[in-house]
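To start, the structure itself, in structure tokens.
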2 protein chains.
Amino acid sequence: MCEDESIEVAANRVLQERTGLDDIFLKQFNVFSEPERAKRNPIVQDLIDSGANPDLKWFDQRFISVGFYALVDFSKVEPTPDSISDLCAWKNLDEVDSLILDHLQILNKALETLRLQLNYQPLGYNLLAEKFTMPELQRLYETILAKELDRRNFQRKILSYSILNKLEERKTGGAHKAPYLYEFNLENYQKALQNGLYGGW
Amino acid sequence: MCEDESIEVAANRVLQERTGLDDIFLKQFNVFSEPERAKRNPIVQDLIDSGANPDLKWFDQRFISVGFYALVDFSKVEPTPDSISDLCAWKNLDEVDSLILDHLQILNKALETLRLQLNYQPLGYNLLAEKFTMPELQRLYETILAKELDRRNFQRKILSYSILNKLEERKTGGAHKAPYLYEFNLENYQKALQNGLYGGW
DNA sequence: ACAAAAGTGTTATACGTACACCCATGC
DNA sequence: GCATGGGTGTACGTATAACACTTTTGT
């Protein structure tokens, strides 16, 4: 974060630098400030225990991170490293095993937050093509939740939010029955983002 | 926040200094980092516009705040100012109109977060006496939500979470029919705190 | 006796879940 | 024609909302 920008603006900037995308859903979820968090990493612990590398001072530094997660259509983006990154690439969640510092905890907290927010926030805009099919939207939810959902119940639930416009067109060219195309009803989508989808108390 | 403590520990410490309480529900909800946020305050704006007080440099400083909210039984606490506070006192929400910086926005964001969390987190432990009545718990929810709830539906919903133990005793001495006393089932309460109360997807 | 608070119950409706059936398309 | 994916519908259980009746207690 630079001196003249808010943390949100900074997060947007970094996202822009690495993906080229702008106006992306970006959500602050937690601050990580544990003094020893750099050293809590098992890899770092192994290094310290082994006494191998004497140059561990870096891990004595104090880091304070504000976690953000963004929702990005990865097929549209070629990730590019910025000035402080050597490598910037897409990974499947199940490929991610070791990360520096406590970044694995951060990732898990982000996932947890995202899954919670799914209960009262609509999702999918700018993650899908402008016109998309119901199965495509469902795959998106299933990917994030890492579990399968019932086709018919998913459709009913999503449609009940009235954030979608059903189009006359169908998506042809697929191997089976042509599914209808939908687009987001932006007005209602925005409203749902602000007011939430779940009634609660 | 000192150099050797996390932001959570620091928040706990400050809460402890001002209330004397420990082990209180304390939840991080947002980071506020807008560069101009000190100046965005209408009172400060008036000052600047009037040109009255030339000593406005303080508002040029960059503040970054991590917002926490705590749930405290105010009847048990005599708030006491700490080293950086002149005054520390309880206020009703409707008495709060002007605050320095953007602290009014922070307060509102805290309330919004709390009300959302009410949908999937139990609430009441250490806000009520060890034994309490259903109406007392309901008042608590009604106060936070700033709206009335149906007695019978409230009871059913809360009981369905099975975070309460119903006791044989009744609270006598009141002017009317003696209500039953309840206590929290701490084991289930903790579970509910971790796993959430609402099923969702 | 009465008002006010509290216990308990009922009913209609909405929602989530788990299914079954039919239709279109490529092989 | 058959496997597969997709559109649509139904039955069941549970949760929510709205509402009524009875019991207790102090005045």
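The chains referred to below are lettered A, B, ... by the order of the sequence lines, with proteins before strands, and numbering in each begins at 1.
One atom, CZ of B:Arg170, and another, P of D:dT23, lie 13 Å apart when rounded to the nearest Å. At whole-Å resolution of the value, NE2 in A:His176 and C1' in C:dC22 are 16 Å apart. What separates CD of A:Glu136 from C1' of D:dG6 is a distance of 13 Å, to the nearest Å. Atom-to-atom, CD of B:Glu148 to P of D:dA18 comes out at 13 Å; the value is rounded to the nearest Å. A:Asn153 has its CG atom 15 Å from the P atom of D:dT8, to the nearest Å. Look at NZ on B:Lys171: it is 12 Å from P on C:dG7, rounded to the nearest Å. Rounded to an integer number of Å, the gap from A:Asp150 CG to C:dA20 P is 12 Å. Residue B:Gln155 contributes atom CD, which lies 16 Å from atom P of C:dA5 at whole-angstrom precision.
Nearer the 5' end of DNA chain C, as judged by each residue's closest nucleotide, is the contact made by A:Tyr161, out of A:Gly173 and A:Tyr161. Comparing B:Met134 and B:Arg156 along DNA chain C, the residue whose closest nucleotide (by nearest heavy atom) sits nearer the 5' end is B:Met134.
Distance from the side chain of B:Lys177 is smallest to D:dT23 among D:dT23, D:dG5, D:dG26. For B:Lys157, the listed nucleotide lying nearest its side chain is D:dT16; candidates were D:dT16, D:dT8, D:dT4. The side chain of A:Pro179 approaches D:dG6 more closely than any other nucleotide in the set D:dG6, D:dT8, D:dG5. Distances were taken from every side-chain heavy atom of A:Arg139 (C-beta onward) to each of C:dT8, D:dG6, D:dT4; the shortest belongs to D:dG6. Set against D:dC21, C:dA24, C:dC19, the side chain of B:Arg151 has D:dC21 as its closest nucleotide.
Contact check on A:Glu142 versus A:Arg139 returns a salt bridge, with a Lys/Arg side-chain nitrogen under 4.0 Å from an Asp/Glu carboxylate oxygen. One finds no salt bridge joining A:Glu183 and A:Lys166 here, because no Lys/Arg side-chain nitrogen approaches an Asp/Glu carboxylate oxygen to under 4.0 Å.
A donor and an acceptor atom sit less than 3.5 Å apart, one in the side chain of A:Arg152 and one in the base of C:dA20.
The residue B:Lys166 sits close only to the backbone: its heavy atoms come under 4.0 Å of sugar-phosphate atoms, none of a base.
For the pair A:Leu140/A:Leu137, a side-chain contact is recorded, criterion being any heavy-atom separation below 4.5 Å from C-beta on.
Between B:Tyr69 and B:Phe25, the ring planes lie tilted relative to each other; the angle falls in the 30° to 60° range.
A donor-acceptor pair under 3.5 Å links the side-chain atoms of B:Thr80 to the main chain of B:Arg18, judged by distance alone.
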